[in-house]
Amino acid sequence: MDISVVIPLYNEEESLPELTEWIERVMDANGFSYEIIFVNDGSSDRSLDVIKRLAARNAAIHTVSFSRNYGKSPALDTGFRRAKGDVVITMDADLQDSPDEIPELYRMITEEDYDLVSGWKKKRYDPLSKTIPTKLFNATVRKVSGIKNLHDFNCGLKAYRNAVVKHIEVYGDMHRYIPYLAKNAGYKKIGEKVVHHQARKYGTTKFGLDRFVNGYLDLGLLWFQSKFGIKPLHIFGLLGSLMFLIGFVAVVTVLVMKIVSMNSDTFHFYLTKSVYFYLSLVFMVLGVQFFCTGFIGEMITRNSPERNNYLIAEEF
């Protein structure tokens, strides 16, 4: 199979027929063998009914329907697990991504040997309240990830070699950083294509400004995992050792001052009135905690076998 199109969706009943017809037209015009995988992320409208009607007339359409809303990353991860095409294309369901971009994205993967090609919506039809934070966000991600040639990390329109989507795990809100995840997995030939961005035709956006705050937190986590994920003691051990060393120096200082006080008639030293006494307690405790337990919580979450298990109501 040439192409798998993975489309996560949430309450997009109005756009689905037009989007599906558009994809079918592009595929037929180019002679591609394909499948369309809709991942219904717990929609509360009639999206699932619409998809069922579309699937009844086109055997290339497959659907996974979550029992509740989990988010875009789980939807993409679920679609990636099921994708069979040599090239996997992702796009949003709101008609802001153009299926006409598919042939060129496919060519860049198959002929130019890219592992991943990300769309760049150079001209956007979004308000300034969205475009300005997006530019700042992308600049930060370029700096942290080292992927200097991408302008739009969060563009929904992307193309992947099939092996890439099988070797990355998209969870939480990590869909914003799929190129970074791919790079960390060893897929470093990452390209970009300027794509057409269309104004939203139906419905309203499903994302708020809180995604920028959460995005930076996720970026910090991803950076830490890429640097220290398999060697956490290199960072926590260093911090713990420094804390313990400061505490130890404070203990020695307290002991020396106490000994001097005990042998002097003029110098009086009281442990509980000394700042060094409290420094010794605080820093030695912090040092032990950093060294022993600082990374346990995240490592447990990272390796939890239940993290990407989602309740699926229907699949066809």
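Keep in mind that this is a model prediction, so the values were computed, not measured.
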In the structure I gave you, are the side-chain heavy atoms of [X] and [Y] within less than 4.5 Å of one another anywhere?
{"X": "Phe153", "Y": "Arg142", "value": "yes"}
{"X": "His196", "Y": "Asp100", "value": "no"}
{"X": "His175", "Y": "Asn154", "value": "yes"}
{"X": "Val64", "Y": "Asn40", "value": "no"}
{"X": "Glu21", "Y": "Arg25", "value": "yes"}
{"X": "Leu48", "Y": "Thr63", "value": "yes"}
{"X": "Asn58", "Y": "Ile61", "value": "yes"}
{"X": "Ile168", "Y": "Ile178", "value": "yes"}

Across all chains, not counting sequence neighbours, the ring pair (Phe, Tyr, Trp, His ring centres under 6.0 Å) partners of His151 are Trp120

Inter- and intrachain pairs under salt bridge (Lys or Arg N to Asp or Glu O under 4.0 Å), touching residues 184-197, at least two apart: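 Qualifying pairs, neighbours excluded: Glu101-Lys193.
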
Might you point out which heavy atoms bring [X] and [Y] nearest each other, and give the distance in Å?
{"X": "Leu105", "Y": "Ala159", "value": "CB-CB, 3.8 Å"}
{"X": "Gly79", "Y": "Ile37", "value": "O-CD1, 4.0 Å"}
{"X": "Asn30", "Y": "Pro103", "value": "ND2-CG, 3.5 Å"}
{"X": "Ser118", "Y": "Cys155", "value": "OG-CB, 4.5 Å"}
{"X": "Pro8", "Y": "Ala93", "value": "O-CB, 3.9 Å"}
{"X": "Tyr114", "Y": "Ile109", "value": "O-CD1, 3.4 Å"}

Counting only N and O atoms by type, is there a donor-acceptor contact under 3.5 Å from the side chain of [X] to the main-chain atoms of [Y]?
{"X": "Asp115", "Y": "Arg161", "value": "no"}
{"X": "Asn162", "Y": "Gly85", "value": "yes"}
{"X": "Lys166", "Y": "Ala83", "value": "yes"}
{"X": "Thr90", "Y": "Gly156", "value": "yes"}
{"X": "Thr20", "Y": "Leu16", "value": "yes"}
{"X": "Lys121", "Y": "Asp152", "value": "no"}

Verify whether one side chain among [X] and [Y] offers a donor that lies under 3.5 Å from an acceptor in the other.
{"X": "Glu35", "Y": "Ser4", "result": "yes"}
{"X": "Asp41", "Y": "Asn69", "result": "yes"}
{"X": "Ser15", "Y": "Asp94", "result": "no"}
{"X": "Thr110", "Y": "Asp86", "result": "no"}

Rounded to the nearest 0.5 Å, how far apart are [atom1] of [X] and [atom2] of [Y]?
{"X": "Leu19", "Y": "Leu95", "atom1": "CG", "atom2": "CG", "answer": "5.5 Å"}
{"X": "Asn184", "Y": "Leu181", "atom1": "CG", "atom2": "CG", "answer": "6.5 Å"}
{"X": "Met27", "Y": "Ser33", "atom1": "CE", "atom2": "OG", "answer": "9.0 Å"}
{"X": "Lys183", "Y": "Ser145", "atom1": "NZ", "atom2": "OG", "answer": "6.0 Å"}

Is the cationic atom of Arg82 (NZ for Lys, CZ for Arg) positioned less than 6.0 Å from the six-membered ring centroid of Phe80 and within 45 degrees of its normal?
no

Applied to residues 13-54, the ring pair (Phe, Tyr, Trp, His ring centres under 6.0 Å) test, sequence neighbours excluded, yields Phe32-Tyr106

Assess whether a salt bridge exists between Glu12 and Arg46, defined as any Lys/Arg side-chain N lying under 4.0 Å from an Asp/Glu carboxylate O. no

(Q) What I want to find out is whether Asp77 reaches Arg81 closely enough, with some N-O distance under 4.0 Å, to be called a salt bridge. (A) yes

For the pair Asn11 and Ser44, evaluate side-chain contact (heavy atoms from CB on, under 4.5 Å) and give the outcome as yes or no after the intermediate values.
CA-CA 6 Å; Asn11 292 345; Ser44 58; 3.3 Å; yes

### Query
Given Val88 and Lys158, is the side-chain contact (heavy atoms from CB on, under 4.5 Å) satisfied, shown in steps?
CA-CA 8 Å; Val88 179; Lys158 290 183 173 67; over 6 Å; no

Quiz item: Given Val117 and Tyr160, is the side-chain contact (heavy atoms from CB on, under 4.5 Å) satisfied, shown in steps?
Solution: CA-CA 7 Å; Val117 178; Tyr160 313 79; over 6 Å; no

Would you please test His62 and Ile36 for side-chain contact (heavy atoms from CB on, under 4.5 Å) and show each step?
-> CA-CA 6 Å; His62 308 289; Ile36 302 173; over 6 Å; no

Exercise for the section: Might you confirm whether atom CD of Glu104 has over 12 heavy atoms from other residues, nucleotides or ligands at distances under 6.0 Å? Expected result: yes

Within the supplied structure, the quantity of interest is the number of heavy atoms (other residues, nucleotides, ligands) at a distance under 6.0 Å from Lys143 NZ; does it exceed 12?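 Open: at most 12 neighbouring heavy atoms sit under 6.0 Å from NZ of Lys143.
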
- Task: Might you work through the side chain to side chain donor-acceptor pair (under 3.5 Å) test for Asp173 and Ser73, ending with a clear yes or no?
- Result: CA-CA 5 Å; Asp173 288 318; Ser73 290; 4.9 Å; no

Check: Of Ile89, Ile102, Leu157, Ile7, which meets side-chain contact (heavy atoms from CB on, under 4.5 Å) against Asp97?
Finding: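 The residue from Ile89, Ile102, Leu157, Ile7 that satisfies side-chain contact (heavy atoms from CB on, under 4.5 Å) with Asp97 turns out to be Leu157.
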
